[in-house]
Each structure stands twice: as C-alpha cells, then as structure tokens.
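Below, read A as the first sequence line, B as the second, and so on, with proteins coming before strands; counting in each chain starts at 1.
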Number of protein chains: 2
Amino acid sequence: MTVSVESVAEMAGVSVSTVSRALRSVPGVSAATRKRVQEAADELGYSASPAASRLATGRTMTVGIVVPILAKWFFGKVIGEATHTLREGGFDVLLFELATPGQRERFFGGAHLHGRTDGVIIMALQPTKDELESLTSQGQAVALLGAEAQGIGSVSVDNVGAGRAAVRHLLNLGHERIAFIGIRDEEGSNLGGVPPLQRLVGYREALSEVGLPRDSKLEQLDENSVAGGAAAMSRLLVAEQVPTAAFVASDEMAFGVLKVLRKAGLDVPRDFSVLGFDNHELCDVVDLTTMDHEVAEQGQDAARILLDILNGRPPATLVFPARLVVRETTAPPRALRSTARIPDSPHSAGRSGTP
Amino acid sequence: MTVSVESVAEMAGVSVSTVSRALRSVPGVSAATRKRVQEAADELGYSASPAASRLATGRTMTVGIVVPILAKWFFGKVIGEATHTLREGGFDVLLFELATPGQRERFFGGAHLHGRTDGVIIMALQPTKDELESLTSQGQAVALLGAEAQGIGSVSVDNVGAGRAAVRHLLNLGHERIAFIGIRDEEGSNLGGVPPLQRLVGYREALSEVGLPRDSKLEQLDENSVAGGAAAMSRLLVAEQVPTAAFVASDEMAFGVLKVLRKAGLDVPRDFSVLGFDNHELCDVVDLTTMDHEVAEQGQDAARILLDILNGRPPATLVFPARLVVRETTAPPRALRSTARIPDSPHSAGRSGTP
DNA sequence: ACGCGCTTTGCAAGCGCTTGCGTTAATTGT
DNA sequence: ACAATTAACGCAAGCGCTTGCAAAGCGCGT
C-alpha cells in the first residue's frame with residue numbers, strides 16, 4: 001500500500017537520493033544501479049507521490065484547461081485533443097468550466113490556480129489584461145485558444161478572413177442581400193466577444209469590397225445556440241426585404257436557421273442560402289455548407305504551445321485559416337437560377353454598381 | 001509571491017499551527033483569533049499550498065473523471081454538471097480520456113491515480129472486476145455513470161425499460177416490422193458494451209410481449225456515430241422486406257439514419273418512423289422523436305454519490321427512467337394511414353396473432 | 001488561596017520527495 | 001606509483017503544510 005522511496009532504496013541496496021535520481025533519469029547514476037533501481041521499483045509497483053514531488057520541486061506537472069462551457073461539440077473536441085497532447089508531455093489536466101460571470105470572477109480573482117497547475121490553456125475566452133496579469137503573476141504559463149494577446153502564446157482562426165471568404169462565396173453565387181447572423185456577447189456569457197465580432201468585420205469587408213451598402217437590419221446577433229439562430233432568422237423573415245442568404249457565425253446557430261426556414265416553408269437552398277461556421281460534426285447530417293477550421297489541430301497546437309512555454313521556449317502564435325466546405329445549403333439566388341449561373345469568379349463589374 | 005503560513009502567522013501574531021487550524025475551521029481556536037488570522041490571510045492573499053496539504057493530510061481534494069471520448073455532446077454535458085457539483089464540494093477535477101484500449105490498459109494498469117485523486121467517476125465504461133479492484137486497492141472511491149457493479153455507487157438509465165417503452169410506442173402506432181439499430185462494442189471502443197445491449201434486450205422484450213417474432217436481420221449494430229447509423233440503415237434498406245420503423249439506440253446514429261432515408265427518397269415519418277435515444281441537443285433541429293433521460297441530473301448525481309462516498313456514507317445506486325419525447329419522426333405506418341388511426345393504447349388483440 | 005478541569009495555543013515531528021554538497025571510489029596523466 | 005580529475009553515491013536540509021501532545025491561561029468550587 002504505502003510503498004515509498006525508502007522501500008525501493010532498501011530493496012535496491014542504495015540510498016533514497018539515488019533512487020530518486022535513477023527513476024527520473026537524472027545524470028549521476030551508473031547504468032547498472034539505474035537498472036537495479038528500476039527493477040526494484042517495478043517489482044514494488046512504486047510510483048512517486050505527486051504531492052511530495054510537487055512540494056519538493058515546485059512543479060505540479062499539471063495544466064489547467066479553462067472553457068466557458070463544456071457541453072458543446074467544439075470544446076469537447078478541442079479539449080480531447082489538447083489533453084491527449086498534454087498527457088503525452090507528462091502532464092495531468094485539471095478542468096475548469098467558467099459558465100457564469102461569477103465563476104469567471106472567482107477564478108481570476110483569487111489565486112485559484114496557484115500551486116495547482118504550472119500553466120493553463122484558456123479557450124474561447126478573451127481574458128482582460130488584468131486577468132492575464134493575475135495568472136502570470138501567479139507564475140502560470142498561459143496559452144490562449146480562440147483569442148490573442150500581446151506576448152501570450154495563442155492559436156486562433158483568421159476570423160476576419162474567414163468571414164470575408166464566406167461572404168464572398170455567397171456574393172459569387174450572385175446574392176446581393178446577404179444577412180449576418182452572429183454571436184451576441186450577452187450578459188452571462190464569458191466570451192470576450194472577439195471572434196464573433198471579427199467574423200462580422202469580415203462580412204462587412206466583403207460587402208464593401210463589392211460596393212454593397214451595409215444594412216444594420218441584416219446584422220442580427222443572438223446567443224450561440226440553435227434557439228439563438230432560430231430567433232435571429234425569425235427576425236430576418238419579417239424584414240421589408242428579406243435577404244436571400246445568410247452567413248451564420250456558428251453552425252449551431254445555422255441549424256436553428258435551417259429549422260426556421262423549413263418551418264416557414266422556404267426551401268434551402270432554392271429560396272435561401274445558409275453558410276455556417278465550424279464544420280460541426282453534424283453538418284453532414286443537414287448538408288450545411290460551412291467554414292471549416294481544423295479544430296483538432298487547434299487543440300493539439302494550443303497544448304504544444306503551452307508545453308513549449310513550460311520548457312522555456314518563447315510563446316508561439318498560430319493563426320489558422322478557415323476553408324469553405326461546400327455542401328447543399330448554398331446556391332445561386334432564385335432570380336438567377338432560371339438564367340445563366342453566375343460563375344464562382346472574382347466579383348466582377350456589373351454588380352458593384354448596384355443601386 | 002511566496003506567501004506561506006508563516007507570514008500569516010507572523011502578521012496575526014500567532015503560531016503556524018493556529019493559522020492552519022483557524023483557516024480550516026478546525027475546533028480549538030477562539031473566535032477572536034480566528035477572525036484575526038482570517039483577516040491577515042485575506043490581506044496577504046494567502047491560500048494554502050495544495051501540494052503541502054496533500055502531503056500532510058493524504059487527501060488530494062481532487063477527483064478524476066474518466067470518459068471514453070470527450071467530443072460527444074453527452075459527455076460534455078455530463079462532465080460539465082459533474083464538475084460543477086464537485087467544485088461546489090471543494091474538489092478539483094482531473095480529466096482522463098480513454099479513447100483507445102491502450103490508454104485504458106495503461107490507466108487501469110499502473111497506479112495512475114495514486115496520490116492524484118481521492119476518487120473517480122467512471123463514465124460509460126463498464127470496468128471489469130479487476131479494474132475496479134485495482135482502483136479501490138489504490139484507495140480510490142469510485143462512482144459509475146452508465147454502468148453498474150456490485151457494491152459500487154452508480155447512476156444509470158433503465159435501458160431495458162427504455163428500450164421496451166420505445167418499441168412499444170412504435171408498436172402502438174401500428175408498426176409490425178421494427179428494426180433495432182444499436183451500438184456495436186467494437187475493437188478500439190471501450191464501452192463495456194452493456195447499455196447498448198440492454199436496449200436491445202428491451203427491444204426484444206417488447207416484440208415478444210406482443211408475439212412478434214425476432215428477426216436477426218432487423219437487428220443492426222454499428223459504431224456509435226452518424227456514419228454508423230447511416231451504414232446500419234443502408235443495410236436495412238436492402239432487406240427483402242424493409243421495416244417500417246426503427247428504434248435507434250443513440251440519437252447520433254439516428255441522425256445518420258435520417259440522412260440515409262432522406263437520400264433514399266423516403267419520407268419520415270410517412271414511409272418510415274425513427275425513434276432515437278438520448279434527447280440530444282440537436283434533436284429539436286431535425287424533429288427527432290427520442291427517449292429522454294435526464295443527462296444533467298445524471299452528472300450531478302454521479303458527483304453527489306462520489307462526494308457521499310468520500311464522506312463515508314454508503315454508496316448509493318440510482319437508476320433513471322427514460323421517457324418518450326414525441327417529435328416528428330414517428331407516425332403510424334403507411335398501410336394504416338388511410339384508414340383509421342391506431343390509438344396509442346395497449347397492444348390489443350388482433351396483432352398478437354400475426355403470422 | 002489552592003487545585004482541578006477546560007479551552008486556547010505553541011512545539012515539533014512528520015508527510016515523501018528533491019538536491020546541494022561532501023565523500024569515496026575509479027580513472028587518467030605523467 | 002602518485003597526485004589530480006572525474007564519476008557515483010550518500011547525507012541531510014529543506015519544500016509548506018497538518019496534528020498529537022504538552023504547556024499555558026482561565027474560571028470555578030471549596
């Protein structure tokens with residue numbers, strides 16, 4: 001039961017310090033004794049008490065992963081990949097869900113991580129300067145996923161570029177009234193609000209590139225969920241002039257959009273095109289065209305960046321591009337369908353002059 | 001930075017032992033000094049080093065959560081709820097994903113948890129006797145979710161009953177050729193295979209209750225995913241006599257089933273009824289009729305059971321019932337539709353005599 | 001006044017590991 | 001063959017808490 005270094009030392013006929021060094025591959029132990037110690041340890045089923053090592057070394061060999069919510073496909077995926085990489089690096093992972101502002105405050109407020117973790121991966125939460133400062137001053141290494149900060153390692157997606165690309169695809173199909181359905185950074189949510197807004201920026205850029213006016217009624221924000229998407233779409237349906245397509249900043253919201261459209265008797269994509277974001281596992285089920293960004297890689301890379309930092313290397317910053325995955329929810333708008341198809345070419349002349 | 005007990009002791013003008021006792025509400029400290037110590041601690045922003053407490057007490061105040069895979073809605077949900085409850089109980093949570101048999105073996109093989117956690121919640125993995133023995137002999141408290149074992153705390157779903165209920169619903173609608181699409185416990189998966197099989201048992205019971213023969217061609221197992229469901233449904237479509245309905249043991253598989261049916265040009269529920277399992281977040285999007293089982297409660301209760309065990313109370317065993325949630329994917333079979341509707345009444349006479 | 005029991009506090013010995021430093025043994029150069 | 005390196009190992013002092021036990025302070029009855 002209580003097999004400690006001493007038992008191993010005794011069995012191998014050496015001192016505890018030698019056991020400690022041998023088992024951790026610290027230089028200064030001959031190959032022969034190392035082997036002998038290893039065998040003794042194996043036989044006794046010995047493994048060092050983490051608590052004792054931590055106390056002695058000050059390193060916890062544990063990293064924290066912080067997410068705003070667990071019950072989303074994206075986070076499950078990304079955490080799974082990250083934990084795998086971290087575990088390979090010899091680290092345990094401690095999980096923190098910051099679902100409410102209260103939890104967030106408590107987390108960043110006290111020295112909650114102190115002595116628990118060596119570093120932390122913060123996912124989809126844009127920490128404030130103070131929050132970051134609080135972490136680093138506790139000696140935590142920090143890596144961000146889905147956010148960026150000066151001097152902090154991070155992996156994120158080129159949201160502006162992705163938004164622009166998404167909207168360009170719709171433009172290229174011939175759409176001229178394109179809505180944006182985005183994630184509202186609502187009371188009670190913890191997202192720093194940044195990625196959703198960046199996608200909106202990309203949307204606006206794409207429109208202005210071809211000279212289309214911005215219409216704030218076409219920009220609908222709501223909570224990041226099926227219900228939120230549905231609500232946003234419902235609002236669009238009562239506009240004086242209903243758009244013919246929507247770029248939706250998350251697949252889950254897009255699912256809600258599809259549902260409302262179906263209930264409204266509108267055919268997708270004949271009457272309305274929908275373009276989502278994330279390439280959610282279930283896109284395939286509803287044939288949703290979407291913007292894919294390597295979710296698994298992001299998780300792995302975030303972990304790797306943190307491990308690098310913990311090994312004294314400088315914090316890396318990665319930005320992933322997103323790429324269009326065409327499925328069945330996007331098509332040219334009805335008006336154009338009977339005539340010639342608009343080729344998917346650069347937004348040529350003739351449209352930029354739209355009234 | 002390195003604010004330890006001593007600094008607090010000094011500031012409060014007491015000994016370290018008094019500080020320790022005061023801060024942990026251990027009896028034997030006067031109210032006055034306790035207050036003084038508390039204030040000193042607050043001012044210094046002191047919190048005890050977990051490593052040191054662990055070493056001294058032997059308790060880690062940490063519990064492990066073990067899942068076969070993170071990137072599934074069900075596990076995200078359940079872990080989220082469980083961690084919340086555990087955190088309220090003062091425990092940190094360490095995450096373990098056992099995606100491959102190799103990982104499983106490594107996890108249960110060595111004393112991987114020893115000194116890291118006080119207890120562990122094992123989710124949707126049926127541990128063998130040996131594996132449980134290995135954990136308890138390491139002094140771990142154990143709670144199971146989605147599995148049961150003699151003398152071990154657990155929360156699970158009445159899968160047999162749920163399967164029976166699901167199939168009865170289809171029978172009551174008038175279906176007579178009902179398929180079962182279930183989760184195969186494949187090489188590389190870690191599920192003990194038990195819940196899926198129990199649902200199959202319920203299916204068989206319901207059929208035999210009304211005297212319907214069992215047809216092994218109607219029982220299709222595949223991996224628990226959209227693709228698996230799609231594959232299973234595809235197999236059913238080439239049967240000599242295609243069924244008119246299917247009870248699918250997971251919503252994700254059911255999504256795949258729906259997709260295949262749609263592609264095949266079959267209308268759901270006019271041509272084919274589909275009944276899923278889990279009440280997945282996205283059921284609402286595709287209007288999938290399903291069996292709901294309080295996922296959030298299961299997570300909370302699993303955590304609570306573990307906390308109880310850690311507090312010396314006897315291990316509780318909870319079995320949740322599942323309940324039918326009717327949406328739009330179930331209806332009477334085509335043959336009956338033009339005539340009178342079959343009321344949703346107990347499987348009355350006239351059908352039990354089917355050839 | 002004095003002794004007794006109770007509460008409040010401090011002392012010091014761990015908990016099980018790591019690591020700087022000193023010691024011994026083995027190796028090399030001349 | 002002997003001094004000087006160098007490699008291998010052991011000693012013991014922590015790391016920052018907890019806790020059994022002894023000491024001190026206090027109120028009370030007699």
Quick one: label Val14(B) by what it contacts on the DNA or RNA (base, sugar-phosphate, nothing), any heavy atom closer than 4.0 Å.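 Answer is sugar-phosphate: Val14(B) comes under 4.0 Å of backbone atoms only.
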
Ignoring the backbone of [X], work out which of [options] is nearest its side chain.
X        : options                   : result
Ser17(B) : dA12(C), dG10(D), dG16(C) : dA12(C)
Val29(A) : dT18(C), dC17(D), dC9(D)  : dC9(D)
Ser30(B) : dG10(C), dG16(C), dT9(C)  : dT9(C)

More 5' along DNA chain D: Arg34(A) or Ala51(B), using each one's nearest nucleotide?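 The answer here is Arg34(A).
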
Tell me the interatomic distance from [X], atom [atom1], to [N], atom [atom2], rounded to whole angstroms.
X         : N       : atom1 : atom2 : value
Arg36(B)  : dT8(C)  : CZ    : C1'   : 12 Å
His114(A) : dG16(D) : NE2   : C1'   : 11 Å
Tyr46(A)  : dT18(C) : OH    : C1'   : 10 Å
Arg116(B) : dG16(C) : CZ    : C1'   : 14 Å
Glu6(A)   : dA12(D) : CD    : P     : 14 Å
Leu55(B)  : dG16(D) : CG    : P     : 12 Å
Glu10(B)  : dG16(D) : CD    : C1'   : 15 Å
Arg59(B)  : dG16(D) : CZ    : C1'   : 19 Å

Looking at [X], I'd like to know whether one of its side-chain N or O atoms comes within less than 4.0 Å of OP1 or OP2 on [N].
X        : N       : answer
Thr57(B) : dT19(D) : no
Ser20(A) : dT18(C) : yes
Arg24(B) : dT18(D) : yes
Ser15(A) : dG10(D) : yes

Can you classify the ring geometry of His293(B) versus Phe74(B) as parallel (below 30°), tilted (30 to 60°) or perpendicular (above 60°)?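 His293(B) vs Phe74(B) ring planes: tilted.
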
Does [X] pair with [Y] as a salt bridge, N-O distance under 4.0 Å?
X         : Y         : value
Lys77(B)  : Glu281(B) : no
Glu131(A) : Arg104(A) : yes
Glu39(B)  : Lys35(B)  : yes

Would you say the base of dG10(C) and the side-chain of Arg21(B) have a donor-acceptor pair closer than 3.5 Å?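 Such a pair exists between side chain and base.
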
Let me know, please, whether Ala31(B) or Ala52(B) comes out on the 5' side of the other along DNA chain C by nearest nucleotide.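 Comparing both residues, the 5'-ward one is Ala31(B).
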
Partner of Arg34(A) by side chain to side chain contact (heavy atoms under 4.5 Å, CB included), out of Leu23(A), Val29(A), Thr18(A), Val14(A):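 Answer after filtering Leu23(A), Val29(A), Thr18(A), Val14(A): Val29(A).
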
